[in-house]
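These notes are about the structure you will find just below.
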Amino acid sequence: MQYLIVHRKADGVIVRILSRNQASKESLVTLGFNPITHDILRVVSSERINPTRWKVNHGVLVPLYSREQELMKTLAADKSEKDGYKILFVGDPPSANTGFGIQYRLLQEGFERRGHTVNSIRYQNIPQLIDMNADFIVVLSDYGSVHSIFDLGLNNLIYWFALESPAWPEAWNANLRKIPHIIPLTEYGAKALKEKEIPSDNPIPHGVQIDSLRPIPFPQRGVLRKQNEVDSKFVISYLGTNVKRKRLDLLIKAYAIFVKNYDQERKSILLLKTIISGYYDIVQLIGQLGEQLGIENFSSMIKVLEKEMNPQEVNQLINISDLGFNATSGEGFCVPTIEYLMCGVPFLAGKHTSFPELIGNHLPLVSVDDVEIDPQFYWTRYNIDSDHAAQLISQYYLNWKNRRIYDRQKLREIALQYSSDIMIQRWERYFKEIERKNIEAEYIKKATSSLLQVDVDEGQQRLYERAVRAVENTPLQTTHVQWIKVF
């Protein structure tokens with residue numbers, strides 16, 4: 001192995017070639033070298049240490065040393081541990097009863113408990129971002145069309161993107177590529193972004209508050225079921241909104257088919273924690289399906305719970321249930337799925353979007369009947385097979401009749417990986433990684449300002465024997481001898 005030795009002296013630059021043995025006897029400073037562009041880079045260091053890895057920066061190979069890496073880690077750690085981060089959330093307000101509204105409340109509580117400062121603004125207040133001086137700006141959104149924030153050129157912008165579909169308007173792609181940091185909620189979302197050639201970081205899922213969601217002991221659970229007049233019933237429940245995407249029409253249809261074909265004794269009941277008159281008119285749906293399938297008093301088998309519930313009441317609703325059911329046509333991350341499992345209650349959903357990743361390895365999923373494109377947002381919508389859903393419900397019903405009890409602790413263990421505490425820890429690690437990368441980028445930027453250009457004589461297959469003058473503003477090291485490894 002041979003090395004190119006560059007001597008910088010008052011009268012210019014002298015280049016000579018030494019073998020490894022000869023070079024090791026010199027007082028040397030390591031340089032990076034790119035054999036394609038013929039750039040050599042002097043790293044600010046007075047010690048010769050073997051580089052632990054190489055960082056490519058605009059065609060220049062920059063050696064990063066253990067000492068610099070430890071320095072960067074220390075700076076990032078000091079920032080978060082001593083001062084805490086200033087974090088700004090953009091999106092639904094914390095009072096909103098939406099997936100991201102709930103997540104904001106969990107994040108705010110968790111971050112503030114760990115010494116960070118949290119603020120939030122609505123989308124219409126985006127111009128205020130420039131004045132907020134936050135360390136990180138996190139956009140919470142289901143959609144990729146928030147144009148005004150993408151155009152601000154913010155290096156500390158993070159987009160927490162809930163992908164409910166593998167397709168979206170083509171116009172969104174240009175906006176998404178402007179964002180320096182995109183975090184999908186699941187691997188499903190990461191795959192969808194990759195297929196569109198949109199860079200993203202590792203997923204950070206939504207979190208669930210484990211303290212307020214837990215299995216209630218069977219004696220107490222029996223009392224709750226009696227209080228809610230479902231003590232002798234097979235209870236199916238839905239917890240969510242009444243919007244088009246949730247496909248409450250297919251959910252009620254699947255339940256009607258189950259009642260018609262499998263529940264002749266009328267031992268079941270469907271509890272819907274939603275509003276009656278949203279996108280779907282639930283009363284009208286129940287009447288139509290009962291008449292079509294010839295189910296007498298079908299409306300008496302469905303109960304709509306419209307009143308707001310606190311966390312304790314949500315925990316009770318889930319615990320009196322034997323099965324959670326969601327017929328949604330697409331979810332970036334379905335929080336109720338994890339909430340039911342956290343309480344030890346099985347959950348039924350379609351075999352599409354994020355559900356195979358969340359529960360596909362543990363619980364059966366409903367097959368998809370057909371796929372359509374939403375004309376408003378161009379989302380791909382997956383409509384479940386209501387007949388197959390009714391069949392799967394019947395299997396849970398049979399287990400209930402035969403008193404086969406699910407391993408509630410096992411279901412909870414599946415859900416614990418999505419606890420809000422773990423989510424907060426993931427975010428802190430991510431913030432530190434971004435800060436480390438920013439420090440590293442600044443280090444490389446400074447290092448690449450000290451370049452020595454080597455002009456290679458391509459007509460001769462000899463080692464690099466010529467060099468041009470050094471950059472005038474490059475400070476001298478304690479030694480006048482510098483070296484690079486010849487590739």
Side-chain angles (χ1 to χ4, degrees), residues 228-230 232-306 317 320-331 334 336 340 346-353 355 363-376 379-401:
N228 288 273
E229 300 178 349
V230 296
S232 60
K233 297 288 187 179
F234 174 70
V235 181
I236 307 165
S237 64
Y238 165 78
L239 183 62
T241 56
N242 184 346
V243 296
K244 181 180 180 181
R245 175 168 55 90
K246 298 301 183 179
R247 296 310 305 256
L248 293 181
D249 56 337
L250 296 180
L251 186 150
I252 297 173
K253 180 182 178 181
Y255 177 62
I257 295 171
F258 160 73
V259 171
K260 173 74 173 179
N261 297 335
Y262 303 100
D263 185 21
Q264 288 78 13
E265 300 178 41
R266 303 298 187 260
K267 287 283 190 179
S268 66
I269 187 170
L270 174 63
L271 303 180
L272 301 174
K273 173 59 188 80
T274 190
I275 58 174
I276 293 177
S277 299
Y279 181 86
Y280 299 98
D281 187 326
I282 293 177
V283 174
Q284 183 179 0
L285 276 174
I286 294 172
Q288 290 175 345
L289 287 165
E291 183 178 347
Q292 289 174 9
L293 296 178
I295 304 173
E296 294 183 7
N297 299 319
F298 185 48
S299 60
S300 66
M301 304 183 69
I302 300 177
K303 186 176 181 180
V304 181
L305 310 171
E306 285 197 288
L317 170 63
I320 66 173
S321 304
D322 298 290
L323 177 67
F325 183 24
N326 195 323
T328 177
S329 59
E331 294 291 334
C334 185
Y340 276 82
F347 194 85
L348 184 63
K351 192 176 183 179
H352 58 70
T353 55
F355 290 111
L363 297 169
L365 295 173
V366 183
S367 60
V368 173
D369 184 39
D370 69 279
V371 181
E372 61 182 359
I373 302 297
D374 187 304
Q376 182 178 3
W379 292 116
T380 303
R381 296 305 186 197
Y382 301 93
N383 301 321
I384 67 165
D385 184 336
S386 295
D387 289 301
H388 185 222
Q391 181 184 349
L392 292 176
I393 293 172
S394 72
Q395 295 175 12
Y396 287 103
Y397 177 61
L398 184 61
N399 288 336
W400 174 80
K401 289 182 67 175

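All of these numbers come straight from a predicted model, not from anything done at the bench.
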In this structure, OH of Tyr238 is separated from CG of Leu348 (nearest 0.5 Å) by 13.5 Å

For Tyr340, the ring-ring contact (aromatic ring centres under 6.0 Å, His included) test, sequence neighbours excluded, returns Phe347

Going by atom type alone, with no hydrogens or angles, which donor-acceptor pairs under 3.5 Å involve a side-chain atom of residues 382-394 and a protein atom two or more places apart or on another chain?
unit_1 : atom_1 : unit_2 : atom_2 : d
Asn383 : OD1    : Arg247 : NH1    : 2.7
Asn383 : ND2    : Asp370 : OD2    : 3.0
Asp385 : OD1    : Asp387 : N      : 3.0
Asp385 : OD1    : His388 : N      : 3.2
Ser386 : OG     : Leu250 : O      : 3.4
His388 : ND1    : Ser367 : N      : 2.9
His388 : ND1    : Ser367 : OG     : 3.2
Ser394 : OG     : Gln391 : O      : 2.4

For residues 286-293, run the donor-acceptor check on the side chains, cut-off 3.5 Å, and write out each pair with its distance to 0.1 Å, sequence neighbours left out.
none

Item to complete: Under the side-chain contact (heavy atoms from CB on, under 4.5 Å) rule, what do Trp379 and Ile373 come out as? Steps first, then yes or no, please.
Response: CA-CA 6 Å; Trp379 292 116; Ile373 302 297; over 6 Å; no

### Task
Could you check if a side-chain atom of His352 sits within less than 4.5 angstrom of a side-chain atom of Glu331, using non-hydrogen atoms only?
no

Rounding to 0.5 Å, atoms CZ (Phe298) and CD1 (Ile252) come to a distance of 7.0 Å

>> Counting C-beta onward and ignoring hydrogens, is there a side-chain heavy-atom pair between Leu251 and Leu270 closer than 4.5 Å?
In response: yes

Here the side-chain hydrogen bond (donor to acceptor under 3.5 Å, both in side chains) pairs for residues 250-268, sequence neighbours left out, are Tyr255-Ser268, Asp263-Ser268, Asp263-Tyr397, Glu265-Lys401

Residues passing the side chain to side chain contact (heavy atoms under 4.5 Å, CB included) test with Ile275, sequence neighbours excluded, are Asn242, Glu306

**Asked** Would you say Ile282 and Thr274 make side-chain contact, with heavy atoms under 4.5 Å?
**Response** yes

Donor-acceptor pairs under 3.5 Å, side chain of residues 320-327 to any protein atom, not counting sequence neighbours: which ones?
unit_1 : atom_1 : unit_2 : atom_2 : d
Ser321 : OG     : Ser237 : OG     : 2.7
Ser321 : OG     : Leu317 : O      : 2.8
Asp322 : OD1    : Arg221 : NH2    : 3.4
Asp322 : OD2    : Arg225 : NH1    : 3.4
Asp322 : OD2    : Val235 : N      : 2.8
Asn326 : OD1    : Thr328 : N      : 2.9

